[in-house]
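Every chain is numbered from 1, with letters handed out A, B, ... down the list of sequences. Quick caveat, the model's predicted, so the values are computed rather than measured.
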Protein chains: 2
Amino acid sequence: MKYIIKDLKIKGVTLTPQRMAIIEFLKSNLNHPTAEDIYKALEEKYPSMSIATVYSTLELLKANGYIQELSIRKRGKACFDFTSKNHHHFLCLKCDNIIDIESECINTCPIVKAGQLEGCKVGEIQAYLYGVCSECNKNTIKKNKNK
Amino acid sequence: MKYIIKDLKIKGVTLTPQRMAIIEFLKSNLNHPTAEDIYKALEEKYPSMSIATVYSTLELLKANGYIQELSIRKRGKACFDFTSKNHHHFLCLKCDNIIDIESECINTCPIVKAGQLEGCKVGEIQAYLYGVCSECNKNTIKKNKNK
DNA sequence: TCTTAGATTAAAATCATTTCAATTCTAAAA
DNA sequence: TTTTAGAATTGAAATGATTTTAATCTAAGA
Ligand SMILES: [Mn+2]
Ligand SMILES: [Mn+2]
Ligand SMILES: [Zn+2]
Ligand SMILES: [Zn+2]
């Protein structure tokens with residue numbers, strides 16, 4: 001974790017209290033928070049912080065490869081993932097929770113290696129699955145029983 | 001193609017000229033147009049058409065499973081795909097073109113079948129790849145040679 | 001013809017994100 | 001330590017995609 005701080009310093013990035021707080025928050029909240037989530041969580045401790053700072057810091061962290069931005073919510077807010085590791089995501093359309101899915105699938109995906117993308121340089125990959133999570137499924141079953 | 005018209009009629013959906021035009025446009029423009037693309041393309045023939053009609057028709061078609069909505073552009077416009085077939089998408093970050101990638105990968109993806117999603121009901125799957133397309137790569141090479 | 005539900009429209013509203021100009025902070029030089 | 005220039009932060013305004021609203025239109029049935 002500390003390596004980010006060191007790393008950013010080496011790159012000449014100024015580590016302001018606001019940036020530190022945002023990094024700290026992301027580090028301990030791996031549940032894919034939105035910019036607003038971060039802003040609201042920090043406003044008690046940093047009442048003067050602006051949402052613009054949150055966005056610019058997220059941009060900075062993304063540009064340096066520390067976080068990933070997900071556009072899993074169609075027409076909704078972006079959310080952020082404090083990792084550079086490739087993995088899938090599942091969005092529950094009932095409770096809006098996002099579940100991480102670890103998988104080699106993406107990296108070993110035959111498409112990326114050969115096939116329809118000759119000549120293309122592939123950087124980022126995001127796979128989004130949509131449905132109803134097990135928790136919400138349980139609740140649905142309960143409700144049906146009560147009828 | 002005609003089956004959609006028939007299908008929608010059976011479902012009791014009114015097929016207005018606007019809706020027909022939008023369906024027709026989507027049918028012959030499989031390059032993932034945005035709502036605005038559709039609106040602009042049709043405004044000559046239907047000068048009175050509203051962008052709200054485009055959005056509501058897209059919603060209707062999506063709800064009935066005729067089109068897919070892609071959120072591949074982070075913080076950008078949604079775009080639409082006149083197919084229910086599952087496939088990947090590649091977005092070129094230089095020219096903004098989207099390339100279709102056919103693949104069994106998604107359906108046969110081991111994650112979906114077993115693993116971390118027990119109890120979850122998975123509906124839609126979208127995989128987005130980001131990078132530079134072969135065309136844009138060529139241009140980059142040319143530019144470098146001229147230096 | 002009259003009625004009614006649904007569809008369309010233009011305009012206003014919403015909401016996430018970005019931009020802007022003014023102010024404040026940081027870090028390095030003097 | 002003081003100065004200073006550049007970078008970061010702030011609050012507010014602007015932007016842009018999408019949604020909502022209220023009025024109007026249209027087609028089918030009574
Ligand atoms: Mn994740
Ligand atoms: Mn496609
Ligand atoms: Zn759920
Ligand atoms: Zn390209």
Whole Å only: how far is the [atom1] atom of [X] from the [atom2] atom of [N]?
| X | N | atom1 | atom2 | value |
| --- | --- | --- | --- | --- |
| A:I22 | D:dA8 | CD1 | P | 13 Å |
| B:K11 | C:dG6 | NZ | C1' | 18 Å |
| B:L8 | C:dG6 | CG | P | 16 Å |
| A:Q18 | C:dT26 | CD | C1' | 11 Å |
| B:L58 | D:dT18 | CG | P | 10 Å |
| A:Y46 | D:dT9 | OH | P | 12 Å |
| A:L70 | C:dA16 | CG | P | 17 Å |
| B:Y55 | C:dT14 | OH | C1' | 13 Å |

Look at the side chain of B:A35 and decide which nucleotide, out of D:dT18, C:dT17, D:dG11, has an atom nearest to it.
D:dT18
Taking the side chain of A:T14 as heavy atoms from C-beta outward, which of D:dT9, C:dT26, C:dT9 is closest to it?
C:dT26
Contact class for A:T16 (heavy atom, under 4.0 Å): base, sugar-phosphate, or nothing?
sugar-phosphate
Have a look at B:P47 and say if it touches a base, only the backbone sugar-phosphate, or nothing, with a 4.0 Å heavy-atom cut-off.
nothing
Residue mapping more 5' on DNA chain C - nearest nucleotide basis, A:L15 or A:E36:
A:E36
Taking atom NZ of A:K40 as the centre, does the number of heavy atoms from other residues, nucleotides or ligands within less than 6.0 Å exceed 12?
no
Atom NZ of A:K121 with >12 non-hydrogen neighbours under 6.0 angstrom:
no
Measure the acute angle between the ring planes of B:H32 and B:H87, then classify it against the limits of 30° and 60° as parallel, tilted or perpendicular.
tilted
According to a strict under-4.0 Å criterion, is A:R75 in side-chain N/O contact with OP1 or OP2 of D:dA17?
no
Does the side chain of A:R19 get closer than 4.0 angstrom to OP1 or OP2 of D:dT9 through an N or O atom?
yes
Any N or O donor-acceptor pair linking the side chain of A:S50 to the base of D:dG11 at under 3.5 Å?
yes
Per side chain to side chain contact (heavy atoms under 4.5 Å, CB included), B:Y39 is matched among B:T34, B:I51, B:T53 by B:I51
Ion pair B:E135/B:K94, N-O distance below 4.0 Å
no
